[in-house]
Each structure stands twice: as structure tokens, then as C-alpha cells.
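What's counted below: heavy atoms across the whole structure, side chains too, no hydrogens, waters or symmetry copies. Source: prediction; values computed, not measured.
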Amino acid sequence: MSRINYYHDKVCLNVLAGNLQNAKDIYEAAEKYVEVGVLSSNYPDVASAVEDMKKYMEVLEGNVSVGLGGGNPNQWKAVGDIAKEIKAHHFNQVFSAVGYTRANVDNDWAHINALVSPTGTPGMVKISTGPLSKDAKEPAIVPVDTAIAMIKEMGGNSVKFFPMGGLKCKDEMKAVAEACARNDFVMEPTGGITLENFREIMETILNAGVKKVIPHVYSSIQDENHCTKIEDVKKLMEIVKELV
């Protein structure tokens, strides 16, 4: 059973923390309906990441989203190894490393997403998103429904659709949403989401029938110190409340 707090059981924000105080402020502004991202790529090694993330776990009541860092597949093992020590509510992972992460976190309630990418064809996604497979001459492209079935088999909980480029692949995003709705699966739209396109993206996904959505809104609402702007978090929550 997931421990993520969804507003009206439908939407949970995912934004990045620039520091511990920023994380506290985000959590309050989002009324706890948020998973606050802390990136594994910001640390030189797993040990230092674990030490620092323990502080975030305390102030966020476990609502930490352990991130790769811009979807960097080379961070897959760091995230998986962090899971041995940090029992966060949310982990970001490349498709091929979901099973490794589930085994390491050693529980069935932590939420682990699986990164799949657009292909240019609605209904088809690229699952070869790992450090070796991402550059394979022949990428692994499969129907979204098949990808979801495989993610479930590996112990994953959602499709992280990245990089979307905002609304650049709206038809593909809609097809992924429809598949998530058919399979009672969580969707995590990621990449290029801004205050300006957030409403349309969320409307498209929710109208497709997706029961739970975790939108990732990152650099577009960060300041020059890489801290998420608290007023922007409040604006996102206002939109969420209007939609659900």
C-alpha cells in the first residue's frame, strides 16, 4: 500500500528541493500533497547521499522522492543502493533497474516509477532507458500496455513518461494516459512542465481516466539557487484543486 498523499486521492506534486529549508517550505505550501525530490546526482557517493537524505526524511515525514538527476541513467545503481538505507515513499528509476530497487528497498509500499520515453508514435514507448540500452542501435520499443505489464512484474508502480517537452508530444502523452487508465496504473508526466502548460497537461491525463497522477514540475519553477519557488507551488496546488 503506497504511503503517498494524493489530493482527493488523485494528484500528488513532485518538485525539487534546493536545500532542507526549501523542502520544509515546499511541504507546507503543498499541504503535504507532494513528494519532494532530492537528487542522487548531487552527491559524490551513496554514503553521503544517505547521510543527507536522512535529514530530508525526517522533515518530510518520509515524503522524499529519490531522484536520478535529469533522468540520468548512470545514476540507476546509486538510487537502487540508496534504497537499502533510505525507505523513502518515492523512487525514480530507469525501466531496467526497477527490480533491483524493489529488492533493495525490501518493502511493498515504497512507490517506484519506471522511466519510459516517447518514440514519435502514440501508443508505443521506448523501454531501453538504461545506461547501456539507451544508445542501443535497435531500441526496445513496445506498446504502452506491454510496458505497464512488465513494470508490474518487476515491482514497479507507475510509468514515468520522460522527456515530454511539455506539450510537444501531446498525442503520445494522451495514449500513455489511456493505457494507464486501462491498466489501473499511476502516471508520472515529466519534462518541460510549466505553470503555463500544467493545466492542459493535467486535464488531458485526468480526462483520459487516470486515477492517480504525479506530475513532475522541476526547473521551470526554480530560482537561481535551484530552490523551488514557494509561490509557484501554491499556484500549482490551486490548479490541482480546481481540476479534481
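Shortest non-hydrogen contact noted between L20 and V59 is CD1-CG2, 3.7 Å. For the residue pair V98 and G155, the shortest heavy atom distance occurs at CG1-C, 4.0 Å. Between N14 and G37, the shortest heavy-atom distance links the atoms OD1-N, 4.4 Å. In plain terms, the two heavy atoms of V36 and A17 that are nearest each other are CG1-CB, 3.4 Å. The nearest pair of heavy atoms linking T194 to N197 is N-OD1, 2.8 Å. Closest approach of L243 and M202 over heavy atoms only: CD1-CB, 3.5 Å.
Between the R199 side chain and the V240 main chain, no donor and acceptor come within less than 3.5 Å of each other. The backbone N or O of H89 sits nowhere less than 3.5 Å from a side-chain atom of N63 that would complete a donor-acceptor pair. No side-chain donor-acceptor contact under 3.5 Å links K32 to the backbone of E28. The closest donor-acceptor contact from the side chain of N19 to the backbone of Q21 lies under 3.5 Å.
Shown are N157, N104, V105, V64; of these, the side chain to side chain contact (heavy atoms under 4.5 Å, CB included) with F91 is made only by V105. With respect to Q93, the side chain to side chain contact (heavy atoms under 4.5 Å, CB included) criterion is satisfied by exactly one of L115, V66, L68: L68. V144 pairs in a side chain to side chain contact (heavy atoms under 4.5 Å, CB included) with only one of the listed residues (N183, V176, I127), which is V176.
No side-chain heavy atom of I214 sits under 4.5 Å from any side-chain heavy atom of S158. The closest side-chain heavy-atom distance from T190 to M164 is not below 4.5 Å.
Hydrophobic clustering of Ile, Leu, Val, Met, Phe, Trp and Tyr side chains at less than 4.5 Å, counting indirect connections, unites L39 with Y218. I4 and I82 fall into different hydrophobic clusters, where Ile, Leu, Val, Met, Phe, Trp and Tyr are joined by side-chain heavy atoms under 4.5 Å apart, directly or via other members.
Every pair passing side-chain hydrogen bond (donor to acceptor under 3.5 Å, both in side chains) that includes a residue from residues 112-126 is listed here, sequence neighbours excluded: N92-N113, N113-E188.
Rounding to the nearest 0.5 Å gives a distance of 9.0 Å between CH2 of W109 and OG of S2. In this structure, CD on E35 lies 12.0 Å from CZ on R3, to the nearest 0.5 angstrom. With rounding to the nearest 0.5 angstrom, the CZ atom of F161 is 6.5 Å from the CE atom of M187.
Here E231 pairs with K234 in a salt bridge; the nearest charged N to carboxylate O distance falls below 4.0 Å. Ion pairing between a basic and an acidic side chain is recognised when a charged N comes within 4.0 Å of a carboxylate O; K174 and D171 show no such pairing.
For F162, there are no ring pair (Phe, Tyr, Trp, His ring centres under 6.0 Å) partners two or more places apart in sequence or in a different chain.
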